[in-house]
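Everything on this sheet refers to the single structure shown next.
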2 protein chains.
Amino acid sequence: MSEVKRPKDQLKAHIRAQNQTLILETSERVFARQGLAKTTTQMIADEAGLPKANVHYYYRSKKDLLEAVLERILRLWLDSVSEFNVEEGPRHNLTRYISEKIDQSRTNKNASKIFAMALIGEESFVLDYLRSLFVTELSREKATIQIWVDQGLMQPVSTEHLFISIWAMTQTYADFDAQVKIMLQKDNLEEIDYEDAKLFITRMVLAGCGVTE
Amino acid sequence: MSEVKRPKDQLKAHIRAQNQTLILETSERVFARQGLAKTTTQMIADEAGLPKANVHYYYRSKKDLLEAVLERILRLWLDSVSEFNVEEGPRHNLTRYISEKIDQSRTNKNASKIFAMALIGEESFVLDYLRSLFVTELSREKATIQIWVDQGLMQPVSTEHLFISIWAMTQTYADFDAQVKIMLQKDNLEEIDYEDAKLFITRMVLAGCGVTE
DNA sequence: GTCTATACCTGGATAGAC
DNA sequence: GTCTATCCAGGTATAGAC
């Protein structure tokens, strides 16, 4: 009722925020490790050092919790990749975009896997999110690429298939890292492997798009 | 005990083979649709028109059943893609390889999804299979590509990253078809979409590898 | 080889004391 | 806000009649 928060309310709000963050971060790890369906609220509670009922206090159902985790991931996802900057031209932009996507795969492997699992399982929450996102985002990228094509800086390409390919190639190093490790015959992926991936993918994309500048 | 099968044994063997096939084909659909963990033996039994106990009679546990499904998929997987033919050169071989992989994604979408789900979940069965496969397969492809490089038909590339990229790009049209549909703003992927994908991916790969012939 | 009935267990979710 | 105890649904797997 009161407009001004009293100390007690602030304390409560603090505890709430702290616990929610703990639960979300723990969930992200467990979901990524165990898979969405195999994960139990008990596992999350144990790993967070909380009783199970406590988890259900903050997130009524497992579905609610998963959606909160997904929302957190998707927001972070967007913030960590730069938008295209027309003036800098295709070479610079595409190179940076690929580099940032690979870095994202590396530093947020769990997030990437959860996203992939939700997508393959066609979780409506994620599909709705993508639908609302793509209409705005993609049309802008499309316009930018058209400008570069008109300027003769690159050849005309299908923006849709270009992005589908870039996402597929960069995310595979996070989502299917088990396969990548087997291919490279390594127990763990290192800095050099990610750099090799960047170089290879960038080379293919730039050559495939006929980027001149 | 007897070396020669009697009619009754043959009949039994027939029934067994027929039921196993029915169960495996049904499982493939259900696993792909519901996800590995969410799928219950009850669902499979219902969709196959069999009592649940019957499913457990042929496949003692759900794990056994999943492994049988995976084995079936992986065998089919290998058979449907041609090996490289040195004499025909890189352009022809890579173009065909990509085309066949896309066709595979299209005609065996369920198989591809199950494989992807097992891989992302790091199912040891699949990892072991890949490990034993890659050592033999990849080294041969690597040798072939080296020959083409020596002949000046293409530039030197990392065979590992090349295959990782091709697999990622082609499989994404099966595994993450929900995302692709949103991107292309279509309710269903058609012939033309797969052909566009083939053209785009082939163009990138050939250009990226500097294929001349 | 088939199928009903059931044992046994695990998981999600909540009531209610603190 | 915390946590113990518990309910109940649904899952795997099998025993045993046919």
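We name chains A, B, ... by the order of the sequence lines, and we start the count at 1 in each one. Just so it is clear, the values below take in all heavy atoms, side chains as well, and ignore hydrogens, waters and symmetry mates. Owing to the predicted nature of the structure, the values given are computational and were not obtained by experimental measurement.
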Exercise for the section: Side-chain contact test, heavy atoms from C-beta onward, threshold under 4.5 Å: evaluate it for Tyr194(B) versus Thr170(B) and give yes or no. Expected result: no
Handout entry: Ser105(B)-Gln171(B) side chain donor-acceptor pair, cut-off 3.5 Å
Key = no
Handout entry: Closest to the Asn19(B) side chain, choosing from dT2(C), dA15(D), dT2(D)
Key = dT2(C)
Practice task
Answer yes if the ring centres of Trp167(A) and Phe115(A) are under 6.0 angstrom apart, and no otherwise.
Solution key: no
Practice task
Verify whether one side chain among Ser80(B) and Gln104(B) offers a donor that lies under 3.5 Å from an acceptor in the other.
Solution key: yes
Practice task
Tell me yes or no: between the side chains of Ser99(B) and Lys198(B), is some donor less than 3.5 Å from an acceptor?
Solution key: yes
Practice task
Please determine, by modelled atom types, if Glu100(B) and Ser82(B) share a side-chain donor-acceptor pair under 3.5 angstrom.
Solution key: yes
Practice task
Verify the contact: side-chain N or O of Asn54(B) to OP1 or OP2 of dT4(C), cut-off strictly under 4.0 Å; return yes or no.
Solution key: no
Exercise for the section: Specify the residues of residues 56-65 of chain A, ordered by number, for which at least one heavy atom lies under 4.0 angstrom from an atom of DNA chain D. Expected result: Tyr57(A), Tyr58(A)
Practice task
Tell me yes or no: between the side chains of His92(B) and Tyr97(B), is some donor less than 3.5 Å from an acceptor?
Solution key: no
Practice task
State, yes or no, whether a side-chain contact exists between His161(A) and Met204(B) at a heavy-atom distance under 4.5 Å.
Solution key: no
Problem - Lys52(B), nearest nucleotide to its side chain (from dT12(D), dC3(D), dC3(C)) - result: dT12(D)
Handout entry: Strand-adjacent residues in residues 25-50 of chain A, judged by heavy atoms under 4.0 Å from DNA chain C
Key = Thr39(A), Thr40(A), Thr41(A)
